[in-house]
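Below is one structure; the comments refer to it alone.
Fair warning: this is a prediction, and the values are worked out from it, not measured in the lab. Below, all heavy atoms of this structure are taken into account, side chains as well, without hydrogens, waters or symmetry copies.
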Amino acid sequence: MTTNADEPRAQVADRRRRRPPAGAAVLRADVTEAIRGAVFEELAAVGYARMSIEGIARRAGVGKTAVYRRWRSKLHLVLDLVSAIAVQGLPAPDTGSLEGDLRLLYEVTSRALRHPVASQIIPDLQAEAARNPEIAEAMQKAVREGQDGVASGIVAAAQRRGEVRDGIDPDLALDLISGPLYWRSVVIRSPKLPKGYLEALTRATAAGLKAL
């Protein structure tokens with residue numbers, strides 16, 4: 001940086017302090033989010049096996065270097081995104097009743113699972129997890145932690161209200177709450193839920209929890 005010989009030293013030092021960092025010190029948040037969004041789009045369009053850093057960069061409107069500065073491979077990129085889902089989790093329902101909480105959870109979850117991007121990505125990553133232990137571990141962590149936090153919150157609230165007994169098996173409660181909807185939406189990939197399905201599922205799950 002050139003300076004004017006007549007410029008006071010204090011002003012030169014101040015300009016240098018205010019100069020934004022360059023190189024690896026700069027990881028713009030908007031670029032990071034654009035890359036994350038591009039990963040989801042690329043996964044939905046071509047699947048994990050055909051996904052490439054080049055394709056992600058092209059969708060995000062950035063150079064490959066911008067991607068590699070954040071993640072060293074497409075595997076680490078996908079693992080990071082899957083792990084982030086686990087941290088974010090689902091909003092914990094608080095309707096004041098067990099059936100109300102379950103119904104709200106099922107409405108939110110079913111909408112998310114039926115989203116066109118999610119409906120493409122989740123089965124593809126599950127298939128990839130069968131071949132890649134790292135993806136399998138990340139997927140299990142994302143699904144279990146995301147669902148477990150919400151399910152345990154629903155059960156704990158129901159216990160405080162006296163709707164279910166204390167000391168029920170938390171793993172069995174999680175299976176009862178989360179299993180059926182994932183089975184229909186992710187495993188058999190039913191394109192549309194039958195009319196009244198969520199209401200019936202809510203009643204059945206509530207009855208099952210109360211019977212534990």
Side chain to side chain contact (heavy atoms under 4.5 Å, CB included) evaluation trace for I188 with W183: CA-CA 6 Å; I188 65 174; W183 166 261; 3.7 Å; yes

Please report the C-alpha distance between L209 and E163 in whole Å, then the side-chain angles of each, then the deciding distance to 0.1 Å, and finally whether the side chain to side chain contact (heavy atoms under 4.5 Å, CB included) criterion is met. CA-CA 9 Å; L209 291 171; E163 294 177 288; over 6 Å; no

For W71 and V78, what are the C-alpha separation, side-chain angles and deciding distance, and is it a side chain to side chain contact (heavy atoms under 4.5 Å, CB included)? CA-CA 9 Å; W71 300 277; V78 170; over 6 Å; no

Give the intermediate values and the outcome of salt bridge (charged side-chain N to carboxylate O under 4.0 Å, His left out) for residues E54 and K64. CA-CA 6 Å; E54 291 81 359; K64 289 190 298 182; 3.6 Å; yes

Starting from the C-alpha separation in whole Å, work towards a yes-or-no answer on side chain to side chain contact (heavy atoms under 4.5 Å, CB included) for L174 and V155. CA-CA 9 Å; L174 175 61; V155 171; over 6 Å; no

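Proximity of a side-chain donor or acceptor of T205 to a complementary backbone N or O of T202 within less than 3.5 Å is not detected. Counting only distance, with no hydrogens or angles, the side chain of K74 and the backbone of V39 share no donor-acceptor pair below 3.5 Å. Here the side chain of R70 pairs a donor or acceptor atom with the backbone of A66 at under 3.5 angstrom. In terms of modelled atom types and a separation under 3.5 Å, the side chain of S178 and the main chain of D175 share no donor-acceptor contact.
Annotation for R161: atom CZ counts as buried by contact number, over 12 foreign heavy atoms lying within 6.0 Å. Counting non-hydrogen atoms of neighbouring residues, nucleotides and ligands closer than 6.0 angstrom, the CD atom of E107 exceeds 12 such neighbours.
Residues A158 and L98 share a closest heavy-atom pair of CB-CD1, 4.0 Å. Nearest heavy-atom pair, D101 versus G96, reported as atom, atom and distance to 0.1 Å: OD1-N, 4.0 Å.
Atoms CG and CG, from L176 and L212 in turn, are 5.5 Å apart once rounded to the nearest 0.5 Å. From L43, atom CG reaches atom CZ of R50 across 12.5 Å, with rounding to the nearest 0.5 Å. R58 contributes atom CZ, which lies 7.0 Å from atom CD of E42 (distance to the nearest 0.5 angstrom). Taking CD1 from I35 and CG from L77, the interatomic distance works out to 7.5 Å, rounded to the nearest 0.5 Å. Taking CG of L102 as the start and CD1 of I177 as the end, the distance is 5.5 Å to the nearest 0.5 Å. Remark: D30 CG to T32 OG1 distance equals 8.0 Å, nearest 0.5 Å.
Between E199 and R103 a salt bridge is recorded (basic side-chain N to carboxylate O distance below 4.0 Å).
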